[in-house]
Amino acid sequence: QVQVIESGGGLAQAGGSLSLSCAPKRRAFSRYAMAWFRQAPGKGREFVAALDWSAEYSHYVDSVKGRFTVSRDNAKNTMYLQMSDLKPDDTATYYCALGDMYARTYDTLSRPENYNYWGQGTQVIVSS
């Protein structure tokens, strides 16, 4: 069992920035693909960004390209989602996910059912 802890959510103004972090307890995730998903109230879970297990391939949903950056630091056993130029439509609960897989394609890495471990979610609210 892997416990995943997320942090960094909060309130931001439109155009502002936030950085989310995700770290598993007592387990390194260098062997896992990682991703961020988000879910707004009343809506389904949406793929946001992902890195393959080697961090050589990244994918983003079109709406966040150029604004969000996903990264990982294996030495710190932590992954990040750096968000800039935030928009009200970015308001959602954000979830970190880890997957035991070596896939590198958008089709596979963007599907939530392919991930094994999930964080509890952290809320991001962007006001205008």
Qualifying residues under salt bridge (charged side-chain N to carboxylate O under 4.0 Å, His left out), relative to Asp62, sequence neighbours excluded: Lys65

Check Ala12 against Leu86 and note the closest heavy-atom contact, atom names and distance. CB-CD1, 3.8 Å

Please list, chain by chain and in numerical order, all residues satisfying salt bridge (charged side-chain N to carboxylate O under 4.0 Å, His left out) with Asp85, sequence neighbours excluded. Lys87

Measure across Gly8 and Leu18 and return the closest heavy-atom pair with its distance rounded to 0.1 Å. O-CD2, 4.1 Å

How long is the straight-line distance from OG1 of Thr93 back to CZ of Arg45, given to the nearest 0.5 Å? 9.0 Å

List the steps, then state whether side chain to side chain contact (heavy atoms under 4.5 Å, CB included) holds for Met101 with Asn114. CA-CA 8 Å; Met101 56 182 166; Asn114 291 332; 3.9 Å; yes

Non-hydrogen atoms of Val48 and Val64 that approach each other most closely: O-CG2, 3.8 Å

Apply side chain to side chain contact (heavy atoms under 4.5 Å, CB included) to Gln3 and Tyr117, showing your working. CA-CA 8 Å; Gln3 183 181 5; Tyr117 309 106; over 6 Å; no

Nearest heavy-atom neighbours spanning Pro112 and Ser110: CD-O, 3.5 Å

Do the side chain of Tyr115 and the main chain of Leu109 share a donor and acceptor less than 3.5 angstrom apart? yes

Checking Asp52 side chain against Ala55 main chain: does a donor-acceptor pair fall under 3.5 Å? yes

To the closest 0.5 Å, what do you measure between OG (Ser71) and CE (Met79)? 8.0 Å

Qualifying residues under salt bridge (charged side-chain N to carboxylate O under 4.0 Å, His left out), relative to Asp90, sequence neighbours excluded: Arg38, Arg67

Sorted by first residue and then second, give each ring pair (Phe, Tyr, Trp, His ring centres under 6.0 Å) pair with at least one member in residues 54-77; sequence neighbours left out. His59-Tyr106

Pairs meeting criterion salt bridge (charged side-chain N to carboxylate O under 4.0 Å, His left out) with involvement of residues 108-124, two or more places apart: Arg111-Glu113

So, applying ring pair (Phe, Tyr, Trp, His ring centres under 6.0 Å) with Phe37, which one of Phe47, Tyr95, Tyr94 is it? Phe47

Check Ala23 against Thr78 and note the closest heavy-atom contact, atom names and distance. CB-OG1, 4.0 Å

Acceptor/donor pairs from residues 121-128 side chains to any protein atom, 3.5 angstrom cut, sequence neighbours excluded:
from, atom 1, to, atom 2, distance (Å)
Thr122, OG1, Gly9, N, 3.2
Ser127, OG, Gln13, OE1, 3.4
Ser127, OG, Gln13, NE2, 3.3

Under 4.5 Å between side-chain heavy atoms, counting indirect links through other Ile/Leu/Val/Met/Phe/Trp/Tyr residues: same cluster for Trp118 and Val61 or not? yes

What I'd like to find out is whether the side chain of Leu98 reaches to under 4.5 Å of the side chain of Pro24, using heavy atoms alone. yes

Non-hydrogen atoms of Ala92 and Ala40 that approach each other most closely: CB-N, 3.8 Å

Got a second to check how far Met83's CE is from Thr69's OG1, nearest 0.5 Å? 11.0 Å

Mark yes or no for whether Arg72, through its side chain, and Trp53, through its backbone, hold a donor-acceptor pair below 3.5 Å. yes

